[in-house]
Number of protein chains: 2
Amino acid sequence: MDKRITIYDLAKTLGVSAGTVSRSLNDHPSISQKTKDRVISKANELGYKTNKFAVNLSKQKSNTIGVIVPKLNSIFMSTVLAGIEKIANEAGYNLIISQSLESMEKEKINAKTLYDSGVDALLVSLAYDTSNFDHFANYIKNKIPLIFIDRVTNLPNCSTIIIDNKLAGFVATEHLIAQGCKNLLYISGNLKQNVYSERLKGFQEAVAKHNLIFNNANLLESDLSPGSVKQAITHIKDTGIPFDGLFVANDSFAAHCLKELKKENYKIPQDIKIVGFNNDPISDLVTPTLSTINYPGYEMGILAGQSVISQLNGSIDFQAANSITLRHELIIRESSLK
Amino acid sequence: MDKRITIYDLAKTLGVSAGTVSRSLNDHPSISQKTKDRVISKANELGYKTNKFAVNLSKQKSNTIGVIVPKLNSIFMSTVLAGIEKIANEAGYNLIISQSLESMEKEKINAKTLYDSGVDALLVSLAYDTSNFDHFANYIKNKIPLIFIDRVTNLPNCSTIIIDNKLAGFVATEHLIAQGCKNLLYISGNLKQNVYSERLKGFQEAVAKHNLIFNNANLLESDLSPGSVKQAITHIKDTGIPFDGLFVANDSFAAHCLKELKKENYKIPQDIKIVGFNNDPISDLVTPTLSTINYPGYEMGILAGQSVISQLNGSIDFQAANSITLRHELIIRESSLK
DNA sequence: TTGTAGGCGTTATCAT
DNA sequence: ATGATAACGCCTACAA
């Protein structure tokens, strides 16, 4: 294997110093164009390749952005990631992606690993059960940009990228009410997470505004896994309340409920109307098509990416970390028709 | 900001040499337990943190594995990634993930970037239009493990992880024939890609075996984007052939076709039977549910991960790069019932 | 405009 | 079992 050639090799063959070579390669203003040209052409000729490890050591930065998501294999998260990757890549950063698998413990480990490996910034969407945030302290202390996406918490100097879940919940619920629903059920994910608790607030507000009843039976907290569909159906059938409107915290679970309800001979939307959340591709493919809230995952990714990059470039002050709220949108399809 | 403490700081306060500290921290056998204990406890006390940049420079490796996928936001790919991430993480490697966005040019750039950034290995699922593989030459020359997943090519010393697409295509097609279909249509993706061309071979074999006709009209090459559904429907309606069986190269497109065909008053499966591919979550949620080929994405990821790790550990010889073919499975649902 | 030399924090090879 | 010292390859004051 041909030995790797360094700036010293170049320096020697060119009869200049290593410093000059380094500066030439980096287009430093204090080097004459002539010298630069000589160096660069010789570098190409000899197949010089800069050693990132040395650069990193010298600059103490890695040109790398860490990302922690709950799960890689979710259509929403991978869409967010696609947006982040696009921006990061264009800006010359690499993405180190890891998944917490919805566990705070794994999230802690990931945060530490990424910190140790010297990421220049960190993007996080929180795990299911994350209740403590000490594992981010190092980032904040060392002024490493830290940005939360979708599943967020409020930490000093950290940006957040979210949608207005409360308003979205309100809009979805009010839509059901406008369609004539009187007995609503909100099927939620873990209420410790901002996204689900906020939607609940919106749900409750809409219910209250229209003088409908809200008590325990109008809320079902679920882990939203396919295995929990039965539990949801049981709740709907056995609570004694004649539910006629469902607001479900994500489309996938909504689609499963839809399917099961049809099996139980409910007519959708005649008997029960349903609104999901996310505008997952499946929402437009099930029968009847599923009304939902459009969740701009890709845009979230783009914005998150832009936000980190500008913080890294110093074009945004570290202190001035801001919170971006994206526009959501109610998409009315068949499952909530009158 | 408190200055970072190094092994020299430790060495000084402990009255030993930096080398001793380094060896203690790395549990080197030639250091007495006593010294190790002293060093380690002092390290904790002072909050010592190893500098990955320096380690990388010194060892000329990054503990990092590069991944290039066509698209992050595909349920299949993100599932594969989830598997890879799990294994890599357990082995102490970080994943740098980038997407080619189905473009060979972007794939080239990604390959170069990752190479420059010093990944210890590279996992690739090829872009739509990749026809030249020179951008991987550096990896091979420098014996950096290179593994292809799903969308593969045959390069010397490179492992591949695939399923037997030809057999899967054969099985799917023969199933349709067994259900009584006489006029089959294979709706394919870009035939330059191994996955689609192999499935076509299987399709053709099954058709030939059962003495059915195969000519141009029995094959429709498509980009499988939602925008191309109309074209597919037109083909089915206007070709003059009374198609009664569809083998579609992925579930998402199959689901879209299903929906459109229903709109056009075709009865599924009575008029036309359909088999998709991938066992996408969607396939079990549409009406009627979609028969499909189960595509073990997560397992592919796991195996790909294990394969790299063992190559990196030297437990598999670089030369002995092997090709792993995973088991697929026909899942019969409503869309292909008699 | 260019050269010099020290630093970045570890690891590894010789000695001792 | 430990220490000294030279890599690792690049960057960047400071000097010239």
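Convention: sequence-line order gives letters A, B, ...; per-chain numbering from 1. Because the structure is a prediction, the values reported are computed rather than measured.
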Checklist entry - When the distance from CG of N56(B) to P of dA12(C) is rounded to whole Å, what number comes out? => result 13 Å
Checklist entry - Are any of the side-chain nitrogens in D27(A) or K36(A) under 4.0 Å away from the carboxylate oxygens of its partner? => result yes
Next on the checklist: Need to verify one output field. Residue with the more 5' nearest nucleotide on DNA chain C, T20(A) or Y8(A)?
Outcome noted: T20(A)
Item to check | Shortest side-chain distance from S30(A), nucleotide among dC14(D), dT1(C), dT10(C) | outcome: dT1(C)
Checklist outcome for this item: Regarding the side chain of T50(A), the nearest nucleotide among dC10(D), dT2(C), dT11(C) is dC10(D)
Checklist entry - NZ of K34(A) versus C1' of dT1(C): gap in Å, rounded? => result 12 Å
Checklist entry - What is the nucleic acid contact for K52(A), judged by heavy atoms within less than 4.0 Å: base, sugar-phosphate only, or nothing? => result nothing
Checklist entry - Looking at S22(B), does any N or O in its side chain come under 4.0 Å of the phosphate oxygens OP1/OP2 on dT10(C)? => result no
Next on the checklist: For S100(A) and S103(A), which I'm curious about, is there any donor-acceptor pair between the side chains at under 3.5 Å?
Outcome noted: no
Item to check | Under 4.0 angstrom between Q60(A) side-chain N/O and dG9(C) OP1 or OP2 | outcome: yes
Item to check | Interatomic distance, L46(B) CG vs dG9(C) P [rounded to whole Å] | outcome: 15 Å
Checklist entry - Between dG9(C) atom C1' and K12(B) atom NZ, what is the distance in whole Å? => result 14 Å
Checklist entry - For L114(A) and V119(A), what are the C-alpha separation, side-chain angles and deciding distance, and is it a side-chain contact (heavy atoms from CB on, under 4.5 Å)? => result CA-CA 6 Å; L114(A) 291 174; V119(A) 294; 4.1 Å; yes
Next on the checklist: Using a distance-only criterion (donor-acceptor N/O pair, under 3.5 Å, no hydrogens), is the base of dT13(C) paired with the side chain of R23(B)?
Outcome noted: yes
Checklist entry - Can a side chain N or O of S32(A) be found less than 4.0 Å away from OP1 or OP2 on dT2(C)? => result yes
Next on the checklist: Less than 3.5 Å apart, any donor N or O on the side chain of Q99(A) or N110(A) sitting next to an acceptor on the other?
Outcome noted: no
Item to check | N26(B) side chain near dT11(C) phosphate (N/O to OP1/OP2, under 4.0 Å) | outcome: yes
Next on the checklist: By nearest atom, which of the nucleotides dC10(D), dG3(C), dC8(D) is closest to the Y48(A) side chain?
Outcome noted: dC10(D)
Checklist entry - Quick check: does any side chain N or O of D120(B) sit under 3.5 Å from a backbone N or O of N63(B), one acting as donor and the other as acceptor? => result yes
Checklist entry - Atom NZ of K36(B) to atom P of dA1(D): distance rounded to whole Å? => result 9 Å
Item to check | Under 3.5 Å side-chain donor-acceptor pair for Q60(A) and N56(A) | outcome: no
Checklist entry - When the distance from CD1 of I7(A) to P of dT2(C) is rounded to whole Å, what number comes out? => result 16 Å
Checklist outcome for this item: Result for 5'-nearest mapping on DNA chain D, choosing between K59(A) and L57(B), is L57(B)
Checklist entry - dC10(D), dT1(C), dT11(C): which one has an atom nearest the side-chain heavy atoms of T35(A)? => result dT1(C)
Checklist entry - Under 4.0 angstrom, heavy atoms only, what part of the nucleic acid is F53(A) near: base, sugar-phosphate, or nothing? => result nothing
Checklist outcome for this item: Ranking dG9(D), dT2(C), dC8(D) by distance to the side chain of T6(A), first place goes to dG9(D)
Next on the checklist: Rounded to whole Å, how long is the line connecting atom NZ of K61(A) with atom C1' of dC8(C)?
Outcome noted: 16 Å
Checklist entry - Within the structure shown, what part of the strands sits under 4.0 Å from G15(B) by heavy-atom distance: base, sugar-phosphate, or nothing? => result sugar-phosphate
Checklist entry - Phosphate oxygens OP1/OP2 of dG3(D): is one of them under 4.0 Å from a side-chain N or O of S17(B)? => result yes
